[in-house]
Structure formats: C-alpha cells, structure tokens
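Below, each value reflects all heavy atoms present in this structure, side chains not excepted, and no hydrogens, waters or symmetry copies. For ligands, and for the atoms within them, numbers begin at 1 and follow the listed sequence.
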Amino acid sequence: MIGQVDFFEELEKSGVTINDEQRKMIQNRINSLMNYEPKIGVFGKTGVGKSSLCNALFGKDVCPISDVEACTRNPQEVFLGMGQKGLKLLDVPGVGESSDRDKEYAELYSKLLPELDLVLWIVKADDRALTSDEVFYKNIVRSHVEEGKPFFFVLRAC
Ligand SMILES: Nc1nc2c(ncn2[C@@H]2O[C@H](COP(=O)(O)OP(=O)(O)OP(=O)(O)O)[C@@H](O)[C@H]2O)c(=O)[nH]1
Ligand SMILES: [Mg+2]
C-alpha cells in the first residue's frame, strides 16, 4: 500500500532501521487497524426503538420490530458499509420487561460489553419511568464507562 511504503521510507529517512520481521509485524498491524470494523452496541429499555434505529441507519428493515410486545430476543448484528469500510451495529434485547428477563439480559449485556467499541443507550425523551435504565447503568455499564468505554445516552424523540 502506498501509505505504508511512504511510512517505511520516512522511517528510513529518519535513520530508523527496521528488519524484515519488524516490517512484516508493522505491516500486519497497520492492515488490521485499516480493516478494523468497530462494533456499536444499541442498548436500552424494551420498546424504546433500538431495532427501529438500526433499521433506519441501515436503510432497510433488517431487525424485526414490534408495536405491542418485547420483540428482540437475541442480539442481532447489522453491518453498515461505508465505501470499502464499515461498522457493525449490535441490536440487543431491551431491559425492563420482567425481573427474570432482566437477570438474563444483565448477563448478556455484561458478556457483550467488553467487545464493544461504543455503547448507545436509547431513552425515550418523554419516559418518566427510568428505574431499569438506572439499575442497568449502575450495575452493569458504569464500571466499563469508568474504565474508558465510550458511552452515549441517545434521546429518542416522541
Ligand atoms: N414515535 C416513534 N415511534 C418509534 C420510534 N422508534 C421506534 N418507534 C416505535 O416504537 C416501537 C418499538 O420499536 P422497536 O424498534 O421494536 O423497539 P426495541 O427497543 O427494539 O424493542 P425490544 O426489541 O423489545 O427491546 C415500535 O412501534 C416502533 O414503531 C420513533 O423514533 N418515534
Ligand atoms: Mg428490538
């Protein structure tokens, strides 16, 4: 790749000598960074519109949605291609449906969080019942945010 050739030329011009093995390692590292596809988790309470947001960003109905009942039961990955690169959205089941489901989803969210590059937590702007958002944030998400995980609350208009 031209960028990599320039990079190595520049290093040599600056008097830095690298052997073939080091060059290969650097090249592999650059390639894996260039081809990296960030993964974004779309979290939040059931019915806030997580799957609808993924569909809107994807431009097609790839994640099932429901007007009347908790819908997403398993995490679903949506690939958003942008030219030769892209990123992955992970649509997950929503919290706050029942205590049994919340236990299950607490485990799921905990398992997924380490592999995410960014977490979006969707909240309906007019929602006044925020207990499950608060409990999940405090018990599951906060420690990751404190360790540097990028996190945004996203307010969904009504
Ligand atoms: N008014 C309005 N309704 C929306 C919006 N986004 C989603 N909805 C509606 O909200 C309802 C729930 O949407 P879903 O996308 O299934 O919600 P979800 O967060 O994926 O729900 P779970 O999969 O159960 O966690 C559906 O009736 C959607 O049409 C929005 O921006 N505005
Ligand atoms: Mg859903």
**Prompt:** Ala70 heavy atoms, cut-off 4.0 Å: which ligand 1 atoms fall inside?
**Reply:** 24 (O)
**Request:** Check Val123, Asp133, Ile122 against Phe153 for a side chain to side chain contact (heavy atoms under 4.5 Å, CB included) and give me the one that passes.
**Result:** Val123
**Message:** Can you name the atoms of ligand 1, numbered from 1 with element, that are less than 4.0 Å from a heavy atom of Asp67?
**Reply:** 26 (C), 27 (O), 29 (O)
**Request:** Return yes or no for this condition: an N or O of Gly94 is under 3.5 Å from an N or O of ligand 1.
**Result:** yes
**Message:** Does Asn28, at its CG atom, have more than 12 non-hydrogen atoms belonging to other residues, nucleotides or ligands within less than 6.0 Å?
**Reply:** yes
**Request:** Determine whether more than 12 heavy atoms belonging to other residues, nucleotides or ligands lie under 6.0 Å from atom CZ of Phe152.
**Result:** no
**Prompt:** Would you call Arg101 and Glu104 a side-chain contact if the rule is heavy atoms closer than 4.5 Å?
**Reply:** yes
**Request:** Decide yes or no on side chain to side chain contact (heavy atoms under 4.5 Å, CB included) for Phe43 and Leu116, but give the supporting numbers first.
**Result:** CA-CA 11 Å; Phe43 288 7; Leu116 298 173; 3.6 Å; yes
**Item:** Residue part near ligand 1, for Lys50, under 4.0 Å between non-hydrogen atoms
**Value:** both
**Item:** Ring geometry between Phe151 and Trp121 (parallel below 30°, tilted from 30 to 60°, perpendicular above 60°)
**Value:** tilted
**Backbone or side-chain N or O of Ile65 under 3.5 Å from ligand 1 N or O** = no
**Message:** Is there a polar contact, in the sense of an N or O pair closer than 3.5 Å, between Val92 and ligand 1?
**Reply:** no
**Request:** Could you see which bit of Pro64 sits under 4.0 Å from ligand 1, with heavy atoms only: side chain, backbone, both or neither?
**Result:** neither
**Complete:** Nearest non-hydrogen protein atom to atom 21 (O) of ligand 1, with distance, is Gly47 N, 3.0 Å
**Item:** Residue selection (non-hydrogen contact nearest atom 12 (C) of ligand 1) among Gly49, Ser66, Gly44, Ser52
**Value:** Ser66
**Message:** Quick test: of every protein heavy atom, which one is nearest to atom 24 (O) of ligand 1, and how far off is it to 0.1 Å?
**Reply:** Thr46 OG1, 2.6 Å
**Asked** Hey, is there an N, O or S on Ser66 sitting under 2.8 Å from the Mg ion (ligand 2)?
**Response** no
**Item:** Metal check, the Mg ion (ligand 2) vs Thr72 N/O/S, cut-off below 2.8 Å
**Value:** yes
**Message:** For Ala157, which part has a heavy atom under 4.0 Å from ligand 1: side chain, backbone, both, or neither?
**Reply:** backbone
**Request:** Look only at the side chain of Lys45 and the backbone of Ala129, and say whether a donor-acceptor pair between them is shorter than 3.5 Å.
**Result:** yes
**Message:** Using a plain distance cutoff, I'd like to know if Asp91 has any nitrogen or oxygen under 3.5 Å from a nitrogen or oxygen of ligand 1.
**Reply:** no
**Item:** Atoms in ligand 1 flagged as close to Cys158, the criterion being non-hydrogen separation under 4.0 Å
**Value:** 1 (N)
**Message:** Tell me if a side-chain donor or acceptor on Asp117 pairs with a main-chain N or O of Ile40 at a distance below 3.5 Å.
**Reply:** no
**Request:** Between Gln76, Glu69, Arg156, flag the one that comes closest to atom 9 (C) of ligand 1 by a heavy atom.
**Result:** Arg156
**Asked** Does Val42 reach the side chain of Leu90, with side-chain heavy atoms less than 4.5 Å apart?
**Response** no
**Neighbour count >12 (heavy atoms, 6.0 Å) for atom CD, Glu21** = no
**Prompt:** Considering distance alone, does some N or O of Cys71 sit under 3.5 Å from an N or O of ligand 1?
**Reply:** yes
**Message:** Within this structure, what is the CD1-CG distance for the pair Ile140 and Leu112, rounded to the nearest 0.5 Å?
**Reply:** 11.5 Å
